[in-house]
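Each remark here refers to the structure printed beneath this line.
The structure displayed is predicted, hence computed values, not measured ones. Here is the naming used below: chain letters follow the sequence lines, and residue numbers restart at 1 for every chain.
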Amino acid sequence: MRKLTDILEERISAAMGAVIGKNAPALVRPAADAKFGDYQANGMMAAAKQVKTNPRQLAENVVAAMEIADICEPPEVAGPGFINLRLKDSFLAERLLGIYRDAERLGVDKAETPKIVVVDYSAPNIAKQMHVGHLRSTIIGDCIARLYDFAGHTVIRQNHIGDWGTQFGMLIAYMKAQYPHLLDHPASAQIADLEAFYQNAKQLSDDNESFAKQARQEVVQLHNHYPETMAIWKQIVDQSRQHYQPIYESLNITLTADDERGESFYADQLADVVAELKVKGLAVESDGAVCVFPEGFKNKDGQPLPFIIQKSDGAFLYATTDLAALRFRVQDLKAETVIYVTDARQALHFQMLFAAAKMAGWVDERITLEHVTFGTMLGADGKPFKTRTGGTVKLKDLLDEAVERAKAVVEEKNPDLPAEQKAQIARAVGVGAVKYADYANNRNSDYVFSFDRMLSLDGNTAPYMQYAYARIKSIQRKAAGKEVDIQNELNGLSALLLTEPAEKDLAKLLVRYDQAIAAATEEYRPNYLTSYLYDLAQAFSRFYTACPVLTAQAPHRPTRLLLCDLTARTIRHGLSELLGIEVLDQM
RNA sequence: GUCCCCGUAGCUCAACGGAUAGAGCGUUGGCCUCCGGAGCCAAAGGUUAGAGGUUCGAAUCCUCUCGGGGACGCCA
């Protein structure tokens with residue numbers, strides 16, 4: 001189904017064209033306040049200014065000229081020249097039935113021009129535990145990937161894992177020492193504690209010169225692809241994956257091992273990247289390092305700022321790897337849009353990366369490059385989120401605690417459920433709360449992390465959303481006991497009876513799901529989606545309080561059953577498909 | 001020093017250039033013979049850090065000031 005705002009925009013703009021003799025946007029938006037109706041057209045004031053006429057008069061003329069009687073009640077002109085639109089009950093009903101029939105997509109159209117979209121997110125470091133610093137990239141990136149998937153684009157997820165570099169020398173040397181029979185019995189190696197493994201290797205490397213020397217040799221052998229060294233390296237990567245893949249699973253993240261394209265993948269392309277940039281005259285030597293100087297960037301002395309792609313000792317850097325990756329994504333993956341989800345501190349790096357890639361001619365104006373940034377997670381003290389002792393908070397510990405706290409709540413509210421079900425609810429609520437709290441914030445703001453708030457049963461939280469869903473499911477379960485056959489009442493339903501304000505408010509939100517998704521997708525802003533879902537859940541709660549469903553009189557009941565069904569499906573879709581947060585039939 | 005992000009109710013946060021800036025928490029007061037009260041209704045609470053400017057219209061765009069965070073040559 002076409003987006004309602006698009007239809008209204010088109011109809012009103014056409015009328016404006018007829019009245020003023022030139023094109024001007026109608027600027028249709030959901031109404032700022034219910035008393036102004038359901039939608040409003042804001043474009044009259046600007047258009048009137050342009051053609052030097054009275055905006056209210058223009059609005060009146062446009063209202064007279066536009067044809068929307070099939071959608072809206074007679075429009076009203078208000079204030080300085082707003083056109084206020086109120087949906088007809090008949091249109092609303094038709095729209096709801098259309099959404100009901102479109103079980104797959106809930107009436108949300110795909111993008112008109114599907115594109116190949118690369119989304120680069122998560123990027124954990126091999127041989128280190130995932131910590132809270134990885135959380136936002138992982139979940140925001142995953143939501144963006146899901147949104148683009150749903151819009152019908154070809155999404156290529158890229159997990160740019162940190163699986164290469166000099167630190168692997170000491171890791172490989174340490175692995176050899178720990179598991180001397182590794183090559184004969186690869187399965188014998190099990191790194192129980194990644195963090196300890198890394199720390200021990202580093203300690204040894206710092207303290208023991210002969211070990212450090214061996215580590216440096218391993219780096220050389222790694223770069224030269226010695227089979228034995230490569231085998232051990234692969235073991236370390238595989239072992240690390242055993243630690244982070246379960247975290248993706250518990251977070252309900254769509255990344256798989258197939259999406260991994262780490263730094264190692266580009267290792268052999270780096271020399272060529274530098275060579276190509278040199279040949280093109282873009283890379284020059286400066287203080288012994290090879291640099292690109294993109295236009296418009298200055299350092300603290302006002303001198304051109306270098307984008308260093310090769311150190312004076314000959315080693316490559318992450319700038320080089322990122323250039324290789326970008327070239328690969330455009331030339332081999334045929335990406336038309338590349339989205340990087342990393343924290344805001346890397347903004348300058350990506351600006352320079354994009355500029356350099358454009359200078360090299362790898363990226364032209366048909367290709368969209370986006371750096372989707374986000375702020376820092378803060379503790380209750382307003383400082384970056386740390387453990388009490390000042391250490392980094394491991395993601396696993398964070399999620400465990402959230403689930404633990406959720407479990408206590410379930411235990412209190414619903415002690416009689418089977419233990420296994422309580423555990424499952426606790427997982428869905430705990431992990432959902434962590435994710436939802438992140439999504440609900442404007443990603444650019446720093447935000448204060450609080451278990452108490454995110455697990456609160458009131459307010460814009462995962463538990464509130466999950467509760468709204470569970471209540472609908474409860475109604476549907478109870479239907480059978482009251483001899484209400486939902487399928488029978490909904491099948492072949494061809495008209496609705498929307499009488500109560502709470503019914504109409506809920507209906508009007510249900511037909512706006514597409515608009516919320518579009519806004520979230522265009523701006524890479526999951527909080528537009530959570531905010532819509534919260535409005536929807538609230539509207540449902542009001543409806544639930546005001547309008548009995550199962551005991552309603554015959555002409556009302558099918559409509560209310562439909563509203564319940566669509567609300568449940570919309571919440572389920574938004575939460576589960578787009579945000580990766582589980583819904584529960586009972587909690 | 002230059003650049004980037006942020007500054008909105010007591011607290012945590014919304015607001016896709018539009019009308020009287022919205023939620024939740026907290027505070028105060030209502031609502032359970034009825035589908036899950038993990039709910040609903042209502043009240044109080046604001047010079048959108050400040051000053052200019054652009055615009056028919058600014059929390060939003062521009063300039064400056066103040067405050068917080070961050071980036072700025074061989075880490076990622």
Completion exercise
Rounded to the nearest 0.5 angstrom, the CD1-NZ distance for Ile517(A) and Lys3(A) is 10.0 Å
Handout entry: C1' gap between A49(B) and G69(B), integer Å
Key = 16 Å
Practice task
Using only heavy-atom distances, determine whether the side chains of Thr342(A) and His371(A) contain a donor-acceptor pair under 3.5 Å.
Solution key: yes
Practice task
Using the aromatic ring of Phe82(A) (for Trp, its six-membered ring), decide whether it stacks on the base of A19(B) within the limits of 5.5 Å and 30°.
Solution key: yes
Practice task
Answer yes or no: side-chain N or O of Asn299(A) and base N or O of A71(B) forming a donor-acceptor pair under 3.5 Å.
Solution key: no
Problem - Any N/O donor-acceptor pair, Tyr467(A) side-chain to A38(B) base, under 3.5 Å - result: no
Problem - Whichever of Thr376(A) and Arg477(A) has its nearest RNA chain B nucleotide further upstream toward 5' - result: Arg477(A)
Handout entry: Non-hydrogen side-chain atoms of His223(A) and Trp164(A) separated by less than 4.5 Å
Key = yes
Without placing hydrogens or testing angles, list every side-chain donor-acceptor pair under 3.5 Å for residues 287-303 of chain A, not counting sequence neighbours.
residue, atom, partner, partner atom, Å
Asn299(A), OD1, Asp301(A), N, 2.9
Asn299(A), OD1, Gly302(A), N, 3.1
Asn299(A), OD1, Gln303(A), N, 2.9

Handout entry: Rounded C1' spacing from A9(B) to A21(B) in Å
Key = 11 Å
Practice task
Look at the side chain of Gln40(A) and the base of A19(B), then say whether one donor and one acceptor between them are separated by less than 3.5 Å.
Solution key: yes
Handout entry: Heavy atoms of other groups near Lys422(A) NZ, more than 12 under 6.0 Å
Key = yes
Practice task
Would you indicate, yes or no, if A38(B) has its OP1 or OP2 atom less than 4.0 angstrom from a side-chain nitrogen or oxygen of Tyr469(A)?
Solution key: no
Exercise for the section: Look at Thr545(A) and C40(B) and indicate whether a side-chain polar atom (N or O) is within less than 4.0 Å of OP1 or OP2. Expected result: no
Handout entry: For C31(B), glycosidic torsion class - syn if within 90° of 0, otherwise anti
Key = anti
Problem - Phosphate-side-chain proximity, Arg29(A) and A15(B), N/O vs OP1/OP2 below 4.0 Å - result: no
Exercise for the section: Write down the distance separating the P atoms in A14(B) and C74(B), rounded off to the nearest Å. Expected result: 35 Å
Under 3.5 Å, which protein N or O atoms sit close to an N or O of nucleotides 4-12 of chain B? Give each pair with its distance.
residue, atom, partner, partner atom, Å
U12(B), O2', Arg453(A), NE, 3.1
U12(B), O2', Arg453(A), NH2, 3.1

Handout entry: Rounded distance in Å - CG (Leu536(A)) to P (A23(B))
Key = 17 Å
Fill in the blank from the handout: d(Thr321(A) OG1, Leu317(A) CG) to nearest 0.5 Å is 8.0 Å
Handout entry: Euclidean distance for P, C25(B) against C61(B) (whole angstrom)
Key = 30 Å
Practice task
Assign Ala78(A) to base, sugar-phosphate, or nothing according to its heavy-atom contacts below 4.0 angstrom with the strands shown.
Solution key: base
Exercise for the section: Using the six-membered ring of Tyr544(A), assess whether NZ or CZ of Arg471(A) lies under 6.0 Å from its centre and within 45 degrees of the ring axis. Expected result: yes
Problem - Rounded distance in Å between the C1' positions of U54(B) and C40(B) - result: 46 Å
Exercise for the section: Assign Ala468(A) to base, sugar-phosphate, or nothing according to its heavy-atom contacts below 4.0 angstrom with the strands shown. Expected result: nothing
Exercise for the section: Report yes if at least one side-chain N or O of Arg542(A) is closer than 4.0 Å to OP1 or OP2 of C41(B); otherwise report no. Expected result: yes
Practice task
Indicate yes or no: does Asp38(A) engage Lys508(A) in a salt bridge with an N to O separation below 4.0 Å.
Solution key: yes
Handout entry: Nearest-Å distance once atom C1' is located in both U65(B) and A44(B)
Key = 34 Å
Exercise for the section: Mind checking Pro306(A) for me? I need base, sugar-phosphate or nothing, with any heavy atom below 4.0 Å counting as a touch. Expected result: base
Completion exercise
Gln303(A) atom CD is separated from C74(B) atom C1', nearest whole Å, by 17 Å
Practice task
Please say which of Phe451(A), Phe449(A), Tyr447(A) ends up in a ring pair (Phe, Tyr, Trp, His ring centres under 6.0 Å) with Phe385(A).
Solution key: Phe449(A)
Problem - Distance between P atoms of U2(B) and G18(B) (Å, rounded) - result: 32 Å
Practice task
Decide, for G73(B), between syn and anti: a glycosidic angle within 90° of 0 counts as syn, anything else as anti.
Solution key: syn
Exercise for the section: Using the C1' atoms only, state how far C35(B) lies from G17(B), rounded to an integer number of Å. Expected result: 45 Å
Exercise for the section: Please determine if a side-chain N or O atom of Lys311(A) lies less than 4.0 Å away from the OP1 or OP2 oxygen of C75(B). Expected result: yes
